[in-house]
Amino acid sequence: MGPEYPENLSPHKPKSGYLTNIIDQVKTNLVLRSKWAELNGAMGDLGTFIPIVLALTLANDLNLGTTLIFTGVYNIVTGAIYGVPMPVQPMKAIAAAAISGSDFGVPEIMASGILTGGVLLVLGITGLMQLVYKIIPLSVVRGIQLAQGLSFALTAVKYIRKIQDFSKSKAKGDRPWLGLDGLVLAIICACFIIVINGAGEEEQSGERETAGVLGDEEIRLRRKRRVRKIIFSIPSAFIIFLFGVVFAFIRRPKVLEEIRFGPSSFQVVKMSKHAWKEGFIKGTIPQLPLSVLNSVIGACKLSSDLFPGKDLSATSLSVTVGLMNVIGCWFGAMPSCHGAGGLAGQYKFGGRSGGCVALLGTAKLVLGLVLGTSLVKILDQFPVGILGVLLLYAGIELAMASRDMTSKEESFVMLICTAVSLVGSSAALGFLFGIFVHVLLRLRNLSKINPVVL
């Protein structure tokens, strides 16, 4: 007979208990706080996702079906792991290089994604990313977030005002006032979101304090709060997105005839030495600073601000971004990352749990399997003005994260970092200037405390 163990010391129990804890945690992370609010929040990142994916598909022949399937899986997995609406976004610097350069095709895009992911994976596994996260001053992080938020907002205004040609990444002229993608439609959508969502504020505590009021006044206030609750629970972004889909079919009814059902074929992308070289120089080098600062450090800091009880580690985010690209890019999936902007957008529209992005991931997965690449025919007709409205509010929500700078010195560093990032169109350049100014101010403060005696 083998050795006997007390019930609480059984060698199998800890293992099964650990597995049970993991399953319980995943279930908790995917629980929807509010079904309509979480569904609404899932739309918050589409203002960034759709234009970039559409541009890469039209200009560079990106496999949209494969991208939807992989990014859908990424969404579901990250939602299960983190329990917050952590987004999956396109790598913007790589996308910009692909759209603007005729010699930067799918092999170069995937090579740059794999190399960027590999570097982030190493930084995460070795713990260097967490070290960087702890060292970088908050004022510099806020500067990067403010720059990214304002950049989103400015791009959104361009989407609203100008007719866009995503395949060439250019504007074709002023948008007409009337029509199914006119200025009036965009303005109505913007006003609708403002009425429903306001500035994104939570329920005011002052409203709860009125519970002690007696008589008719109490009844009137309770009715008012009930009406406000109903209005604020309307999924504004989801409704607007549905209208956009309907308008897409109305604008070009023949789209229905062009749809082909079934997933795209999976193929391993062949990358030559030239593709690896070009991908590294034109894609990886400009993307790495943006991924480190916005996708990992910025997203990590913003998540701790929005969800105080869920402090995500920079190590974990770096590893998940690395794995997404080291695996998916071999099959032609768009290089992807997390991002503070997407997190802000999804939070703005009601996303509060991992179930929010899991819903979005499920939708992507279904669309990728059912429609595949033919979905681009529908997206090409989607009103760009509506996408601009969604992106505008996502950008403003991200920029508003910088409002916690309380001292003039912190605000100075943040604004220097923001200004350089916007004018130079480089988060890395803004970061370097921000760090430099921060160090100078610290040295100046030290000289005040310990004056030099001659």
Side-chain angles (χ1 to χ4, degrees), residues 39-40 42-75 87-90 95 98-99 106 156 159-160 162-169 172 175-176 179-182 185-186 188-189 235-266 332-334 336 342 345 349 357 359-391 394:
L39 182 62
N40 197 49
M43 305 295 109
D45 191 31
L46 296 183
T48 304
F49 184 84
I50 291 179
I52 295 178
V53 172
L54 182 59
L56 289 174
T57 304
L58 295 174
N60 299 89
D61 200 25
L62 178 78
N63 192 321
L64 179 60
T66 301
T67 292
L68 287 173
I69 291 171
F70 272 93
T71 55
V73 173
Y74 301 159
N75 277 130
V88 173
Q89 299 179 312
I99 296 168
V106 171
Y159 285 177
I160 294 171
K162 303 288 184 179
I163 299 173
Q164 301 296 317
D165 184 354
F166 288 128
S167 64
K168 298 179 181 178
S169 190
K172 297 194 296 185
R175 188 174 300 283
L180 295 177
D181 192 12
L185 174 64
I188 291 174
C189 291
S236 56
F238 181 66
I239 291 174
I240 287 174
F241 181 76
L242 286 182
F243 272 112
V245 173
V246 173
F247 291 157
F249 285 107
I250 296 175
R251 292 178 70 191
R252 194 163 182 269
K254 290 184 178 179
V255 167
L256 288 171
E257 300 174 6
E258 298 173 354
I259 293 176
R260 299 292 180 268
F261 293 100
S264 305
S265 59
F266 275 57
M334 171 193 65
S336 304
F349 289 111
V357 287
L359 284 174
L360 179 61
T362 303
K364 288 180 183 177
L365 194 58
V366 171
L367 289 173
L369 291 172
V370 175
L371 297 179
T373 304
S374 65
L375 182 64
V376 72
K377 305 292 185 181
I378 301 174
L379 295 181
D380 195 28
Q381 298 300 319
F382 194 93
V384 177
I386 291 180
L387 294 178
V389 171
L390 296 177
L391 182 59

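For reference, positions follow the sequence shown, starting with 1.
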Do you know which two heavy atoms are closest between Gly388 and Ala156, and how far apart they sit?
-> O-CB, 3.1 Å
Examine distances only and state if a side-chain atom of Asn60 and a backbone atom of Val106 form a donor-acceptor pair shorter than 3.5 Å.
-> no
Stepwise side-chain contact (heavy atoms from CB on, under 4.5 Å) check, Thr57 with Phe166 | CA-CA 10 Å; Thr57 304; Phe166 288 128; over 6 Å; no
Grab the two heavy atoms, one from Thr71 and one from Thr67, that are nearest each other, plus how far apart they are.
-> OG1-O, 2.6 Å
Do the non-hydrogen side-chain atoms of Leu39 and Pro235 ever get within less than 4.5 Å of each other?
-> no
What distance do Ile240 atom CD1 and Leu387 atom CG have between them, rounded to the nearest 0.5 Å?
-> 11.0 Å
Could you check if a side-chain atom of Arg175 sits within less than 4.5 angstrom of a side-chain atom of Ile160, using non-hydrogen atoms only?
-> no
Can you see which heavy atom on Gly244 is nearest to which on Ile386, and at what distance?
-> CA-CD1, 3.9 Å
Can you find a heavy atom in the side chain of Ile259 that is under 4.5 Å from one in the side chain of Ile378?
-> yes
Nearest heavy-atom contact between Leu56 and Ala98 is CD2-CB, 3.7 Å
To the nearest 0.5 Å, how far apart are CZ in Phe49 and CG in Asn75?
-> 7.5 Å
Evaluate the ring planes of Phe266 and Phe70, with Trp represented by its six-membered ring, and classify them as parallel (under 30°), tilted (30 to 60°) or perpendicular (over 60°).
-> tilted
Run the ring-centre check on Phe382 versus Phe241 and record whether the distance is less than 6.0 Å.
-> yes
Pairs meeting criterion side chain to side chain donor-acceptor pair (under 3.5 Å) with involvement of residues 244-256, two or more places apart = Arg252-Glu258
From CD (Gln381) to CZ (Phe247), nearest 0.5 Å | 14.0 Å
Exercise: identify the closest heavy-atom pair between Ala394 and Gly345 = CB-CA, 3.6 Å
Between Ser336 and Tyr74, the two heavy atoms sitting closest are OG-CE1, 4.1 Å
Among all residues two or more places apart in sequence or in another chain, which pass the side chain to side chain donor-acceptor pair (under 3.5 Å) test with Lys377?
-> none
Please lay out, stage by stage, how Phe243 and Leu185 fare under the test side-chain contact (heavy atoms from CB on, under 4.5 Å).
-> CA-CA 10 Å; Phe243 272 112; Leu185 174 64; over 6 Å; no
CD1/Ile50 to CG/Asp45 distance, rounded to the nearest 0.5 angstrom?
-> 9.5 Å
Trace of the side-chain contact (heavy atoms from CB on, under 4.5 Å) decision for Leu46 with Leu360 = CA-CA 10 Å; Leu46 296 183; Leu360 179 61; 4.2 Å; yes
Go through the side-chain N and O atoms of Thr373 and Ser264 and say whether any donor and acceptor fall under 3.5 Å apart.
-> yes
Flag side-chain contact, heavy atom, 4.5 Å: Pro176 against Ile163 | yes
CG-CG distance between Leu371 and Leu68, expressed to the nearest 0.5 angstrom = 9.0 Å
Atom pair CG/CD1 of Leu180 and Ile250 - distance to nearest 0.5 Å | 6.0 Å
Would you check if Val376 and Leu58 make a side-chain contact, meaning some heavy-atom pair closer than 4.5 Å?
-> yes
